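Below you'll find the structure, written out as structure tokens, and then a few comments.
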Amino acid sequence: MHRWSELFIPTLREAPADAEVASHKLLVRAGYIRQLGAGIYSFLFLGNRSTQKIMRIVREEMDKIGQEFYLPALNPREIWEASGRWTVMGDNMFRLKDRKGADLCLGMTHEEVMTDIARKELRSYKQLPQIWYQIQTKFRDEPRPKSGLLRVRQFIMKDAYSFDIDAAGLDVSYQKHYDTYCRIFDRCGLKYMVIDAHSGAMGGSQSQEFMVRTPAGEDLVVSCEKCNYAANMEKAISKLAPVEDLKAEGDGQPLEVHTPGQKTIEDVARFLGVSPKNKIKTLAMMITEEDADAGAKTGKTRQRAVVLLMRGDHQMNEAKLSTAVGGKETRPMQEEEILALFHSPAGYLGPLGIDWAKNMEEPRKPILLVDKALEGRTNLIGGANKENYHVKNLTPGGSFHPTAYADLRAVTAGEDCPNCGAPLRIDTAVEIGHIFKLGYKYSESMNARVLDRNGKEVAPIMGSYGIGIERILTAAVEQSSDENGFWLPPSIAPFEVVVVSTNSKDEGIRTASEDIARQLEAAGFDVLLDDRDERPGVKFKDADLVGIPFRVNVGKKVTEDTVEVVRRSTLAREDIKISAITEYFQQLRPAAR
RNA sequence: CGGGACGUAGCGCAGCCUGGUAGCGCACUUGCUUGGGGUGCAAGGGGUCGCGAGUUCAAAUCUCGCCGUCCCGACCA
């Protein structure tokens, strides 16, 4: 039996000054974790018990669809060279040399090692599909570890990889993971949402993230309360209310108007007596791209102008822009660059009089990207590329020709859900899981090949699927805490019940506590008996702090065969007959587990 | 990497400006006390003041360098 008096559960009355977010403060105060360095944490008894339970759930569910491996965290440079990620990962990868001077690194993830096994061992389509997973420590030299366990440099991840003969097979493996992940997070008692994720620069492949709303989160998630629409800010869309276009003025051709000193959207709109919705916002950016003229793969780069047109009241999302230009890095133009292209100072920029690229493939010429919200709009007002002048009667596709239309707009809270029209909300959230159709990236770069039905050599198609073990714990704490502590779902709590002996000097109370704890344990519950010689107040405070969802207070009423059960989440208490205590918890169990 | 803050007992902090014996609360030890929300009293133990140089008769305190941690930003399949 687990007796508090014999355990090391170092609870703290005050949180360390370093701790900022609730989960960090509470996990330290509750004696779950201690910090060793920036983004490096030790797990003590309670913390380890909880993460072990999480891993058990993950294992049980993953074993239904895959096979568990255990791969090395220490990796030779070669396989990372093969995939091209030795360079790509940059300073985020921990690197070291062995005594012979050979380069090694600590694994940030295990596509390379898994694919290495696959390329050495898989020969035939008959061996596919395969789903291999492991639970392993990952190392990432984060530029800024923070928020306690949310962004760390060493953490445990369940990572899984699927190998299929074709895209249809990958769809099946992907769906299996989706279903498994839902079961895992349901069993862990988390309130989560699944969002469409930005699938990276390459695009195309499907990717979804499992997110938990919390103020401590670092990602922004757009979601609908009514239906299940949810998406990353980088992917989110919304339905816009229709806007009434202005009437054409004069002959309908672009018409210059004098707007002295009116630089901002608001100023111009007010000055001309129109809504910002009828204005064009012109954003001038630069991208760095490979210099194709210098010959392919010379590594030479050049700068290219990308001009964006947005509706006057809209904001641009940089990730969407990056996707629109094929994943290249973007930056705002500098003043000289603006003058060189527009021959006008900022504040009066517009699309007229510039020789735009006709399509994205056309090299050298500046790119004009127009946000989809402006597609089909007419008679807009934009800058004239002339100081103190704007232009009326601007119509995309008419008075000027965009290189392309693209979704560039950042969704804002309260806009309409694209599926059902209900208002959208935007929250910060933590990513606890990610499923991703990798495609052929690793099997091709690392040369994994199998023979298909026709005896033809083909690369298996891969998926990769991750779950952050500690993040499940952290998210659960964030989701269920108050200033006195937190309460975990019984399935991942270090103990399900804490039995508090309120007076260890009272023989009747002491023996009743022991009996109850023993009984519950015999019935299969994880029980912690607080048998310390402490005042009841101390024990209650600790019990509230350490994340155990149920508490049994054994007090004076033992003489009436009665104890008090307290539910930590609601602090609701009820008197229960000692003789009925096991039955009481057994009845609770289906809901509690 | 840019900006900012901090580093004094296990935790939270004061002392530093104005250089001279290192302090408070909690925790810990012992005794008594108390026993349903961090009980009270008493007596104790515990510190290379982050590290290194410099100034000075004398440095936690002033100067310089380094290290560490946190926050904002950049970054982050």
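The chains referred to below are lettered A, B, ... by the order of the sequence lines, with proteins before strands, and numbering in each begins at 1. Since we're looking at a predicted model, the values are computed, not measured.
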Whether each nucleotide of nucleotides 3-10 of chain B has a protein heavy atom under 4.0 Å at its base (B), only at its sugar-phosphate (S) or at neither (-) is summarised, 5' to 3', as --------
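- Between A/His177 and A/Phe436, the distance separating the two ring centers is not shorter than 6.0 angstrom.
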For a quick check, with a 4.0 angstrom heavy-atom cut-off, what is the B/S/- contact string for nucleotides 65-72 of chain B, read 5' to 3'? ----SSBB
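- Among pairs with a residue in residues 569-581 of chain A, those fulfilling salt bridge (charged side-chain N to carboxylate O under 4.0 Å, His left out) read A/Lys557-A/Asp575, A/Glu564-A/Arg573, at least two apart in sequence or across chains.
- Base contact: A/Asp533 has a heavy atom under 4.0 Å from a base atom.
- Not counting sequence neighbours, the partners of A/Glu78 by the side-chain contact (heavy atoms from CB on, under 4.5 Å) test are A/Pro76.
- In this structure, A/Phe495 and A/His2 have perpendicular ring planes: the angle between them is above 60°, well past the 30° mark.
- For the side-chain contact (heavy atoms from CB on, under 4.5 Å) test, residues two or more places apart in sequence or in another chain that qualify with A/Asp427 are A/Arg213, A/Ser223, A/Arg425.
- Cation-pi geometry between A/Arg95 and A/Trp80 is not met: the NZ or CZ atom fails to fall both under 6.0 Å from the ring centre and inside 45° of the normal.
- Here A/Arg13 does not pair with A/Asp542 in a salt bridge; the nearest charged N to carboxylate O distance is not below 4.0 Å.
- The stretch residues 540-549 of chain A touches RNA chain B through A/Phe540, A/Lys541, A/Asp542, A/Asp544, each having a heavy atom under 4.0 angstrom from the strand.
- Ring pair A/Tyr32/A/Phe486 is perpendicular by interplanar angle, where above 60° counts as perpendicular and below 30° as parallel.
- A donor-acceptor contact under 3.5 Å is not formed by the side chain of A/Arg13 with the base of B/A27.
- Judged by distance alone with a 3.5 Å cut-off, a donor-acceptor contact links the side chain of A/Glu564 to the base of B/G36.
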